[in-house]
**Student:** 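Supplied in structure tokens, the structure appears directly below.
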Amino acid sequence: MIDSETVIRILHLEDSDLDAELVEAALDAIGRPYAVERVMDGPAFAAAAQPGRHDLILADFVLPTFDGLGALMVAQAQCPDTPFVFVSGTLGEETAVEALKNGAVDYITKQRLERLPRTVLRALAEAQAKHDKRLAEAALQSLNDTLEIRIVERTRELAASNAALQTQIVERERVEEALRLAQRLEAVGQLTSGVAHDFNNLLTVISGNIEFLAREVTGERSQRRLALMKGAADRGANLTAQLLAFSRRQRLAPTPVSLNQTVASMRDLLQSSMGGAVRIETTLHADLWPALVDATQIELVILNLAINARDAMAVGGSLTIETANVTVKAQPTRPEEPVPGEYVMVAISDTGTGMTPDVVKRVFEPFFTTKEVGKGSGLGLAQAYGFVKQSGGGIRIDTIVGEGTSIRVYLPRVTGRMEEFAPGPMPGVAVEAPAPGREAVLLVVDDDTAVREITVTRLSEAGHVVREAGSGLAALSSLEADPRVDLVVLDFAMPGMNGAEVASEIRKRWPGMPVLFVTGYADTTALMKVGAVGTDNIVQKPFRDGELERKVASALVNRTPSGLRLVSGSAGRS
Ligand SMILES: Nc1ncnc2c1ncn2[C@@H]1O[C@H](COP(=O)(O)OP(=O)(O)OP(=O)(O)O)[C@@H](O)[C@H]1O
Ligand SMILES: [Mg+2]
């Protein structure tokens with residue numbers, strides 16, 4: 001920065017001492033400090049003309065061994081930023097123009113040295129302006145350069161957050177899809193369980209009456225017709241049982257099960273269901289944890305999965321059943337998948353057709369099948385899904401079209417001590433008949449008259465004294481009027497006061513009075529609330545193979561003695 005205090009550094013090319021003095025005298029008129037480095041010939045000038053060393057160059061035009069234009073060229077080459085002014089005796093117009101063209105900023109004749117101060121100041125100001133401009137340009141350039149870097153960085157940041165956002169969107173869509181699937185299955189489950197419940201009541205009436213008729217009808221043809229009807233009713237009952245399994249309202253009796261044993265014991269059955277073209281291999285883990293599941297249902301599930309595998313291997317192949325202890329760490333991404341935890345796994349894999357993504361999406365829906373009419377009802381996997389979920393496990397499907405399918409079933413492992421699961425008395429074993437001398441009095445409570453009629457008839461035929469009530473309230477007033485009842489046989493789903501409410505009222509007012517639930521489905525949570533969790537005090541509708549009679553007899557034997565028993569006077573019965 002040039003200011004009035006700064007010394008102006010001048011390189012002066014001049015061979016004449018006198019002229020040099022005249023020039024300096026003219027410079028004095030600037031009124032600012034200055035320092036002159038004087039040189040007299042080419043080599044000295046070339047040595048002195050260094051960038052940044054001077055603020056200004058003054059040069060004579062005609063020298064004995066050198067000339068002004070030569071000096072100008074040296075200056076242009078070595079210190080192009082230092083302003084160059086000719087101070088010369090005579091300078092023709094042409095030469096002057098030539099000089100300016102070549103980069104001199106001005107020229108002054110020695111006859112008019114009074115112009116020198118102004119010229120010097122202007123040259124310095126222009127040089128300063130040029131310098132400032134260059135600085136500004138450099139600053140701008142560097143700003144531009146960093147701007148590019150900043151843009152590149154910012155673009156990269158944006159791209160990264162965009163990618164993150166995309167991942168989030170995909171993840172959200174996946175979660176929403178899983179939720180939709182779960183809700184769909186849930187809705188279908190509610191619907192099916194409602195339908196199944198009503199059908200079970202109808203089937204109870206149908207099967208019961210078929211049974212009664214079969215005892216009365218003698219003709220062979222009529223008997224055959226009744227047998228056909230019975231078969232159809234049984235198939236209906238199987239179907240509703242599958243629907244209930246899907247909607248997770250199946251009655252389950254979880255016990256510790258060695259799945260290795262289950263698989264081993266099913267080998268013959270599986271081999272005969274597979275036919276000759278399918279090879280069966282088993283890989284059973286040696287130290288398999290016991291699973292806590294319903295032993296019969298898990299067999300059904302394995303059989304169902306094996307039959308699906310067989311159907312997918314029409315031309316033959318191999319079926320592999322594998323067991324393993326598995327710790328699941330990942331969160332489920334589909335409704336059927338297990339939540340993190342420890343599981344006993346059984347995997348059924350085939351080398352069959354595999355499934356397309358569209359099929360996989362729907363396999364758990366009841367009635368979804370790709371098989372011909374009559375070949376599949378589409379309930380196998382729905383049943384497996386409901387059962388496994390109700391048991392607290394999960395399922396995973398891995399499938400590749402054209403290569404095969406592997407379905408892994410995760411079941412809860414037994415936690416806690418094994419003794420807690422010591423088997424109770426086997427259902428169905430012969431139970432003691434009620435003590436002789438007095439018939440047991442039963443109160444049958446059911447809002448459905450036709451169903452109640454079947455229940456009452458069966459139990460009367462089994463030798464019990466049966467009272468009836470068409471609602472929970474009616475049952476309570478009947479008990480109030482006469483509490484001499486040995487067992488209440490209570491329908492679970494009734495309008496108004498439901499079975500659970502009636503049971504807890506009975507428990508309050510007549511503690512110790514045993515209750516046997518009859519249900520078209522087992523709403524496990526509600527039944528658990530009233531303490532009826534064992535399978536012994538629940539009878540499934542429609543009644544099968546004398547289950548009602550057996551459980552009634554069993555409840556009469558197992559009931560705890562209570563104040564009411566005094567009425568019966570048979571202290572020996574407990
Ligand atoms: N191992 C498998 N390989 C290829 N496709 C399969 C396999 N298991 C199931 N599927 C497909 O899933 C559909 C549904 O199976 P699911 O077991 O629920 O019903 P289904 O076998 O058709 O009838 P059901 O089991 O009631 O007799 C099948 O129709 C089939 O398309
Ligand atoms: Mg199937």
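Being a predicted model, the structure only gives us computed values, none of them experimental. Ligands are counted one by one from 1 in listed order, and the atoms in each one are counted from 1 as well. Index from 1, following the sequence.
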**Student:** Applying a strict 4.0 Å limit to heavy atoms, is Gly354 in contact with ligand 1?
**Tutor:**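 Yes, Gly354 has a heavy atom closer than 4.0 Å to ligand 1.
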
**Student:** So for ligand 1, is Asp311 a polar contact partner (N or O within less than 3.5 Å, distance only)?
**Tutor:**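 No - when backbone and side-chain N and O of Asp311 are compared with those of ligand 1, no distance drops under 3.5 Å.
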
**Student:** State, yes or no, whether a side-chain contact exists between Glu549 and Glu461 at a heavy-atom distance under 4.5 Å.
**Tutor:**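 A side-chain contact under 4.5 Å is absent here.
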
**Student:** Does ligand 1 come near enough to Gln242 that some N or O of the ligand is less than 3.5 Å from an N or O of the residue?
**Tutor:**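 Looking only at distances, the answer is no, because the N/O contact criterion of under 3.5 Å is not met.
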
**Student:** How close does the nearest protein non-hydrogen atom get to atom 5 (N) of ligand 1, and which residue and atom is it?
**Tutor:**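 Ranked first by proximity to atom 5 (N) of ligand 1 is Met355 CG, 3.2 Å.
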
**Student:** Give yes if a backbone or side-chain nitrogen or oxygen of Lys375 is under 3.5 Å from a nitrogen or oxygen of ligand 1, and no if not.
**Tutor:**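 So ligand 1 has no N or O lying under 3.5 Å from an N or O of Lys375.
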
**Student:** Is it the side chain (CB and beyond), the backbone, both or neither of Ala312 that lies under 4.0 Å from ligand 1, heavy atoms counted?
**Tutor:**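 Answer for Ala312: side chain.
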
**Student:** Considering non-hydrogen atoms of the protein only, which is the closest contact for atom 30 (C) of ligand 1, and what is the distance?
**Tutor:**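 It is Thr370 OG1, 3.4 Å.
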
**Student:** Start with the C-alpha distance between Asp398 and Arg408, add both sets of side-chain angles, then the distance that settles salt bridge (charged side-chain N to carboxylate O under 4.0 Å, His left out), and finish with yes or no.
**Tutor:** CA-CA 8 Å; Asp398 289 299; Arg408 278 173 284 171; 2.2 Å; yes

**Student:** Does any donor atom in the side chain of Glu171 or Thr167 lie under 3.5 Å from an acceptor atom in the other side chain?
**Tutor:**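 Looking only at side-chain atoms, Thr167 and Glu171 do not form any donor-acceptor pair under 3.5 Å.
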
**Student:** Under 3.5 Å, is there a donor on one side chain and an acceptor on the other for Thr320 and Ser349?
**Tutor:**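 On atom types as modelled, these side chains do not qualify, holding no pair under 3.5 Å.
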
**Student:** Has ligand 1 got any nitrogen or oxygen that is less than 3.5 angstrom from a nitrogen or oxygen of Lys371?
**Tutor:**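 Between Lys371 and ligand 1, an N or O pair is found under 3.5 Å apart.
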
**Student:** Please report whether ligand 1 has a polar contact with Ile407, defined as an N or O pair separated by less than 3.5 Å (distance criterion only).
**Tutor:**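 No: no nitrogen or oxygen of Ile407 is under 3.5 Å from one in ligand 1.
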
**Student:** Between Pro495 and Asp447, which heavy-atom pair has the shortest distance, and what is it?
**Tutor:**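 Looks like CD-OD2, 3.3 Å.
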
**Student:** What heavy-atom pair brings Asp486 and Pro514 nearest, and what distance separates the two atoms?
**Tutor:**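 Closest approach of Asp486 to Pro514: O-CG, 3.0 Å.
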
**Student:** For ligand 1, which part of Thr353 has a heavy atom less than 4.0 Å away: the side chain, the backbone, both, or neither?
**Tutor:**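 The answer is the side chain of Thr353.
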
**Student:** Which protein non-hydrogen atom lies closest to atom 1 (N) of ligand 1, naming both residue and atom, and how far is it?
**Tutor:**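 Protein heavy atom at minimum distance: Asp350 OD2, 2.8 Å.
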
**Student:** For Arg180, is there an ion pair with Glu177 - N to carboxylate O distance below 4.0 angstrom?
**Tutor:**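 Between Arg180 and Glu177 there is a salt bridge, with a charged N closer than 4.0 Å to a carboxylate O.
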
**Student:** Would Asn308 count as a polar contact of ligand 1, with the cut-off being nitrogen or oxygen pairs under 3.5 Å?
**Tutor:**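 Yes; at least one N/O pair falls below 3.5 Å.
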
**Student:** Testing the basics here: between Thr405 and Ile407, what is the closest heavy-atom pair and its distance to 0.1 Å?
**Tutor:**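 Reported closest heavy-atom pair: CG2-CG1, 3.8 Å.
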
**Student:** Quick check on Gly378 - does any of its heavy atoms sit under 4.0 Å from an atom of ligand 1?
**Tutor:**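 The answer is yes, since Gly378 has a heavy atom less than 4.0 Å from ligand 1.
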
**Student:** Write down the atom of Val205, the atom of Ala450, and the distance for their closest heavy-atom approach.
**Tutor:**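 Closest approach of Val205 to Ala450, heavy atoms only: CG2-CB, 3.6 Å.
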
**Student:** Nearest non-hydrogen atom to atom 18 (O) of ligand 1 belongs to which of Leu381, Thr369, Leu319?
**Tutor:**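 Residue with the shortest heavy-atom distance to the ligand atom: Leu381.
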
**Student:** Identify the closest protein heavy atom to atom 12 (O) of ligand 1: which residue and atom is it, and at what distance?
**Tutor:**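 In this structure, atom 12 (O) of ligand 1 has Val363 CG1, 3.2 Å as its nearest protein heavy atom.
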
**Student:** Using a cut-off of strictly less than 2.8 Å, determine whether Asn308 has an N/O/S atom near the Mg ion (ligand 2).
**Tutor:**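 True for Asn308.
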
**Student:** If we only count N/O pairs under 3.5 Å, is Gly380 in contact with ligand 1?
**Tutor:**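 Yes, at least one N or O pair falls under 3.5 Å.
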
**Student:** Tell me the contacting part of Thr399 for ligand 1: side chain, backbone, both, or neither, using a 4.0 Å heavy-atom threshold, strictly below.
**Tutor:**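 For Thr399, there is no contact with ligand 1 at all, from either part.
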
**Student:** I need the nearest protein heavy-atom contact for atom 14 (C) of ligand 1: residue, atom name and distance, please.
**Tutor:**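 For atom 14 (C) of ligand 1, the nearest protein heavy atom comes out as Phe368 O, 3.3 Å.
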
**Student:** Heavy atoms, side chains only, cut-off 4.5 Å: are Ile302 and Met266 in contact?
**Tutor:**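 Yes, at least one pair of side-chain atoms sits under 4.5 Å.
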
**Student:** Any side-chain heavy atom of Ile321 within less than 4.5 Å of one from Glu281?
**Tutor:**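 A side-chain contact under 4.5 Å is absent here.
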
**Student:** Counting neighbours of NZ on Lys361 that are heavy atoms of other residues, nucleotides or ligands and sit closer than 6.0 Å, is the number greater than 12?
**Tutor:**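 No - once you tally the heavy atoms of other residues, nucleotides and ligands closer than 6.0 Å, there are 12 at most.
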
**Student:** At a 4.0 Å threshold, what atoms of ligand 1 neighbour a non-hydrogen atom of Ser377?
**Tutor:**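 Ligand 1 atoms under the 4.0 Å threshold to Ser377: 23 (O), 24 (P), 26 (O), 27 (O).
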
